[in-house]
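Given the structure is predicted, the values throughout are model-derived calculations rather than measurements. Atoms within a ligand are numbered from 1 in the order they appear, just like the ligands themselves. Only heavy atoms go into these numbers, but all of them, side chains included; no hydrogens, no water, no symmetry mates.
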Amino acid sequence: MPPGSKTGYPSGHVLYRRLDRRYPRIVRGEGCWLIDDDGKRYLDASSGALVTNLGHGNAEVARAVGEQAARLAYVNGTAFTHDAVEELAAEVAALCAEGLDRTLFMCNGGDAVEAALKISRQFWVESGRPEKRKIVALTPSYHGNTLLALSASARPGYQALFRDWMVEIHTAPAPYPYRCSCRGELEECPACSGAAVEEALLRDGPESVAAFIAEPVGGSSTGASVPRPGYWKRIREICDRHEVHFVADEVLVGAGRTGSWSALEPYGVAPDFQIFGKGIAGGYAPLSALVTSRRILDVLAAGSGAPQHNQTFSQFPVSCAAGLATLRQLKAQGLIARCASMGVVLFQRLAELQGHPHVGDVRGRGLLAGIEFVEDKASRKPFDRSLRMAETLAETAQAAGLVLWPHGAQLGGKGVDLVLIGPPFIITEDEISLLVGRLRTALDTTIERIRGRKRR
Ligand SMILES: Cc1ncc(COP(=O)(O)O)c(C=O)c1O
């Protein structure tokens, strides 16, 4: 294929994620930049899918991965343990809240979500409470694409074909102030205060509920909506009162992304299960982590003796080495503190977009920003979903050398057009200025394109 020509289905032999798109071929990464085979440079404002937290080309992590693969590529986690997993688990324990100090490592966020929900169920069965089997989740939310994780996700578009295969999940409205009828202004609003979660538990009978799962700061579904300061304390109390496990899905927002190791940290709350993924190994190898405590595991140890969720690549040495080197780089270079301080710069610069007639809201924390676009600002009227505003913006931006993560959805009869901004923690102030400048230009071009579509 000649350099610069894009490829896509039906060319080649790759089963591409989309069969209706032509893909540029990326040959190299440098810090916050991706470079294609034609030498075109893309500023990666979303760290891929919120993954490359350290940026590309980190020699320490690359070396650790290579050395691990050369020394010991793989062992079966049922039969053996190894240095990389032991050391990584100790590092994770030191970063998590007290008591959250036992970790199972897997490859994808969805794997860890499945493991958390299954181990929660197993705990209740082995505690002599087999009636505790229901799962409560927030809507909207996203927890992964495997069937249990997908069931727990409020993503009707992803679920439609598979409904017959999914399990029933009970739901409560997510704290999403911009789209809430209270507009985030009513103190006792059930969704924004957390009272709606208790209502859901009481409706479903808390004696039959095993676990409540939620993202501590909204990911793609609510576009980085940050719950109120008292929200998670209230949820913790509700879960404790009704003996329901609290599963914190930090796949997108954890591992430093919001300026603290865990997005729950500023709330002073510890869950029963905490899940990390995406950026935990900086994208140098696939890695996710399910962290829990002896309080849970002692019951299994005295019962069946084994958590019922194993996969071939559980505790995979090369991925664990990538995770260990990533955590050591975060520490050595003070990158979580940098994420918090560069986040302040990012939000200062994004504030310039607030006056744009189609920017409804800018929100988030650390280096995670969600921007929600609307047709009409005063009424918060969304664009007609058929215009695919968010997707069009991401395509326009990518063509102009800026990578964004779009999310477009239909929520309770309303369209939602969001993009997530989440650059690597090493981003500079100049790169943030470039990012915001390119975003503004792409936004104006997108609005023009959409107007053109409407006229047709
Ligand atoms: C909050 C959250 N949980 C779970 C997942 C699933 O992770 P994975 O795609 O690695 O399976 C995602 C993916 O975007 C996510 O954002």
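The nearest heavy-atom contact from the protein to atom 8 (P) of ligand 1 is G109 N, 3.4 Å. Nearest to atom 11 (O) of ligand 1 among the protein's heavy atoms is G110 N, 2.7 Å.
Close N/O approach between L252 and ligand 1 is not found [any backbone or side-chain N/O within under 3.5 Å]. In terms of polar-atom proximity, defined here as any N/O pair under 3.5 Å, D111 makes no such contact with ligand 1. Residue-to-ligand polar distances keep S220 apart from ligand 1: every N/O pair is separated by 3.5 Å or more. The shortest N/O to N/O separation between V113 and ligand 1 does not fall below 3.5 Å.
If you look at E215 next to ligand 1, the close heavy atoms, those under 4.0 Å, all belong to the side chain. Residue contacts with ligand 1, taken as heavy atom pairs separated by less than 4.0 Å, involve V251 solely via side-chain atoms from C-beta onward.
No more than 12 heavy atoms of other residues, nucleotides or ligands lie within 6.0 Å of CZ in R17, so this atom counts as exposed by the packing criterion.
Listed by atom number, the atoms of ligand 1 under 4.0 Å from K278 heavy atoms are 13 (C), 14 (O), 16 (O).
Residue Y231 comes nearest to C192 through the heavy atom pair CD1-O, 3.3 Å, listed as atom of the first residue, atom of the second, then distance.
Ring orientation note: the planes of F313 and Y74 are nearly perpendicular, at an angle over 60° on the 30°/60° scale. Relative orientation of the Y23 and Y16 rings is parallel, given thresholds of 30° and 60° on the angle between their planes. The aromatic rings of H358 and F383 are tilted relative to each other, their planes meeting at an angle between 30° and 60°.
Checking K118 against H309 by side-chain atom types alone, a donor-acceptor pair falls below 3.5 Å. A donor-acceptor contact under 3.5 angstrom links the side chains of Y42 and D36, judged on distance only.
Under a 4.0 angstrom heavy-atom cut-off, E250 registers as lying outside contact with ligand 1.
In this structure a side-chain-to-backbone donor-acceptor pair under 3.5 Å is missing from R365 to G259.
The presence of a protein heavy atom under 4.0 Å from atom 3 (N) of ligand 1 is confirmed.
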